[in-house]
Asker: 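The structure that follows is given in the form of structure tokens.
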Amino acid sequence: MRVAMIGTGYVGLVTGACLADFGHVVTCVDKDPAKIESLLAGRMPIYEPGLEQLVARNVREKRLSFSTDLAPAVKDAAVVFLAVGTPSRRGDGHADLSYVYGAVREIAAAIEGFTVVVTKSTVPVGTGDEVERLIREIRPDADIAVVSNPEFLREGAAIEDFKRPDRIVVGVEDERARTVMAEVYRPLHLNQGPLLFTQRRTSEMIKYAANAFLATKITFINEIADLCEKAGADVQEVARGIGLDNRIGAKFLHAGPGYGGSCFPKDTLALLRTGQEYGAPLRVVEAVVGVNDARKSSMARKIIAALEGNVAGKTVALLGLTFKPNTDDMRESPSIPIVYALQDKGAHVRAYDPQGMEEARKVLVDVDYRDSAYDCLEGADVAVIVTEWDEFRALDLERVKELLKQPVIVDLRNIYRLDEMARHGFRYESIGRAAAAP
Ligand code: NAD
């Protein structure tokens, strides 16, 4: 089947490459010429494990191509996926749908023959109706069906998630389009990937409800962590203790510096706005957004407290900057407000991240970027573990101790054991666990 993927960002590139790997013939389109040029030269615009090989294989086997030219790709396609960004609209937190509607106008002009237009971008309930209305207004003659097919992949494990999803949600109200979508995902379905067909509006809602629920789980355990710290309990054991209950589940119960990334912050806000629009306020989600925002400054305060309340003129070494490991994505990373807060109090901030420094340089200036964890730690007053990259999980603690000006570690990801840190003589502050005495 011929597929056009409009938008070759994180989701578009991974989806396009995986669909090509299933045997479909996919053209990934992007309006950013630099991105397409780099893909044509075999360079990935993002860091995602396994992506480069997957793309190379499917380009070589002529199932995957890249272009800045939308019209020919759409003209030939039976299915056109929309995978453009839907960031927060400046000022009010609504999803900014200008990229979606911009792409839809271009698609409408190029459609030939029966075409299924699939919204993979995360869009508020009712957007599919507007996409359909717009296409019919521009091209009353076009034979189309508009489908919602939200994406649930996680950055850092995107290919695995796409190829072995918990479910594929397809919001479709047209029989022909339903058959086409079943064909698109047939290889996954054969692999037991459950296809859930719903009404289009329901499918749009599922995506936001899923993200808001996961953000709630994270925020819940973060607040429990704060209580554990004060009450002398261990949040990791609490998480294990509740997570073993099947009704709760163990995932998304890792206490940390608060959620970030390209999805949860903007999607929770957009869902709140939708709730307000429909007169159905979502108070739980509202609390989650507020608590998560406040958490960033409380993390900065935690670091400052580890330096006896004063960071002015001190050097803070951050290990990790991306919002999670195995990605170079810096969008809404908790590291950003933490760095600002520390700099605001006069700290010199140093940082090392295995993949994220190029992206970080675009948003965090006045940071002294270093090439390795140990280089970053040399002479620093405190080490702060911000992102749980594997390479920070087994640091040579004796060397760390020698390099630091004083043996103080603040671990915002709980990747070390309290007794281990005490044994090495560190002052070790983590999340939701009583500080270990050196
Ligand atoms: P992104 O910003 O990485 O990529 C979007 C791409 O679309 C950009 O390269 C941009 O140049 C391109 N684009 C915009 N308008 C275009 C047009 N008219 N024609 C061609 N290309 C155009 O975004 P992303 O992270 O891939 O997210 C895309 C959507 O998927 C969003 O709605 C997001 O919420 C959703 N989503 C993202 C993730 C994730 O982990 N990143 C996961 C699930 C869902």
Side-chain angles (χ1 to χ4, degrees), residues 4-18 27-39 44-49 51 66-74 77 80-89 94-110 117-124 127-128 131 134 148-162 165-169 203-204 206-208 210-212 214-215 259-271 322-324 326-333 359 362:
M5 185 65 59
I6 311 306
T8 308
Y10 231 109
V11 167
L13 181 55
V14 170
T15 307
C18 288
T27 307
C28 285
V29 178
D30 205 285
K31 65 175 184 186
D32 177 352
K35 198 170 267 191
I36 295 299
E37 255 167 51
S38 116
L39 282 161
M44 297 301 105
I46 50 167
Y47 173 75
E48 179 64 37
L51 186 62
F66 300 102
S67 174
T68 50
D69 204 356
L70 179 143
V74 168
V80 178
F81 280 91
L82 271 164
V84 299
T86 49
S88 262
R89 196 161 72 190
H94 274 284
D96 177 351
L97 297 175
S98 57
Y99 299 102
V100 170
Y101 295 142
V104 165
R105 285 191 185 88
E106 288 182 63
I107 291 166
V117 177
V118 185
T119 310
K120 191 157 260 313
S121 301
T122 302
V123 294
T127 305
V131 168
L134 201 56
S148 158
N149 171 218
E151 184 49 59
F152 298 97
L153 60 77
R154 292 164 303 165
E155 295 184 8
I159 295 168
E160 178 65 18
D161 282 354
F162 193 90
D166 292 336
R167 79 305 203 188
I168 303 142
V169 175
S203 162
E204 291 168 337
I206 287 171
K207 174 64 192 175
Y208 280 98
N211 274 1
L214 294 173
Y259 63 78
S262 68
C263 292
F264 288 177
K266 76 172 178 65
D267 292 347
T268 44
L269 269 187
L271 183 61
T322 51
F323 79 100
K324 64 162 155 177
N326 298 323
T327 179
D328 60 352
D329 204 335
M330 281 295 294
R331 288 179 281 185
E332 300 289 330
S333 175
E359 288 302 309
K362 298 177 190 167

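Each ligand, and each atom within it, is numbered from 1 in the order the structure gives.
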Asker: Could you tell me which atoms of ligand 1, counted from 1 in the order shown, lie closer than 4.0 angstrom to a heavy atom of Lys207?
Answerer: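 It comes down to these atoms of ligand 1: 43 (C).
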
Asker: Looking only at side chains, do Ser67 and Asp69 share a donor and an acceptor under 3.5 Å apart?
Answerer: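 Their side chains do not contain a donor-acceptor pair, so the 3.5 Å distance test is not met.
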
Asker: Which option, Ile107, Thr122, Thr327, owns the non-hydrogen atom nearest atom 35 (C) of ligand 1?
Answerer: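 Among Ile107, Thr122, Thr327, the closest heavy atom to atom 35 (C) of ligand 1 belongs to Thr122.
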
Asker: Using a heavy-atom cut-off of under 4.0 Å, does the side chain or the backbone of Ala83 touch ligand 1, or both, or neither?
Answerer: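 Ala83 to ligand 1: backbone contact only, side chain stays beyond 4.0 Å.
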
Asker: Of the side chain and backbone of Ser121, name the one, both, or neither that has a heavy atom under 4.0 Å from an atom of ligand 1.
Answerer: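 The part of Ser121 near ligand 1 is both the backbone and the side chain.
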
Asker: Cys18: what forms a side chain to side chain contact (heavy atoms under 4.5 Å, CB included) with it, not counting sequence neighbours?
Answerer: Val14, Leu54, Ile159, Phe162, Lys163

Asker: Indicate yes or no for a side-chain donor-acceptor contact from Thr27 to the backbone of Phe66 under 3.5 Å, with no hydrogens or angles considered.
Answerer: no

Asker: Does ligand 1 have any atom sitting under 4.0 Å from a heavy atom of Arg154?
Answerer: no

Asker: From the options Thr119, Asp267, Val84, select the one whose nearest heavy atom is closest to atom 28 (C) of ligand 1.
Answerer: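 The residue whose heavy atom sits nearest atom 28 (C) of ligand 1 is Val84.
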
Asker: From the options Glu155, Glu48, Arg154, select the one residue that forms a side chain to side chain donor-acceptor pair (under 3.5 Å) with Thr327.
Answerer: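 Running side chain to side chain donor-acceptor pair (under 3.5 Å) over Glu155, Glu48, Arg154 with Thr327 returns exactly one hit, Glu155.
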
Asker: Please could you name the atoms of ligand 1 that Thr86 approaches to less than 4.0 Å, counting only its heavy atoms?
Answerer: 31 (C), 32 (O), 34 (O)

Asker: Enumerate the atoms of ligand 1 whose separation from the nearest heavy atom of Glu106 is less than 4.0 angstrom.
Answerer: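 Selected atoms, number and element: 18 (N).
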
Asker: Run the numbers for me: atoms of ligand 1, each under 4.0 Å from some heavy atom of Glu155, listed by number.
Answerer: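 Matching atoms, with element in brackets: 39 (C), 40 (O), 41 (N).
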
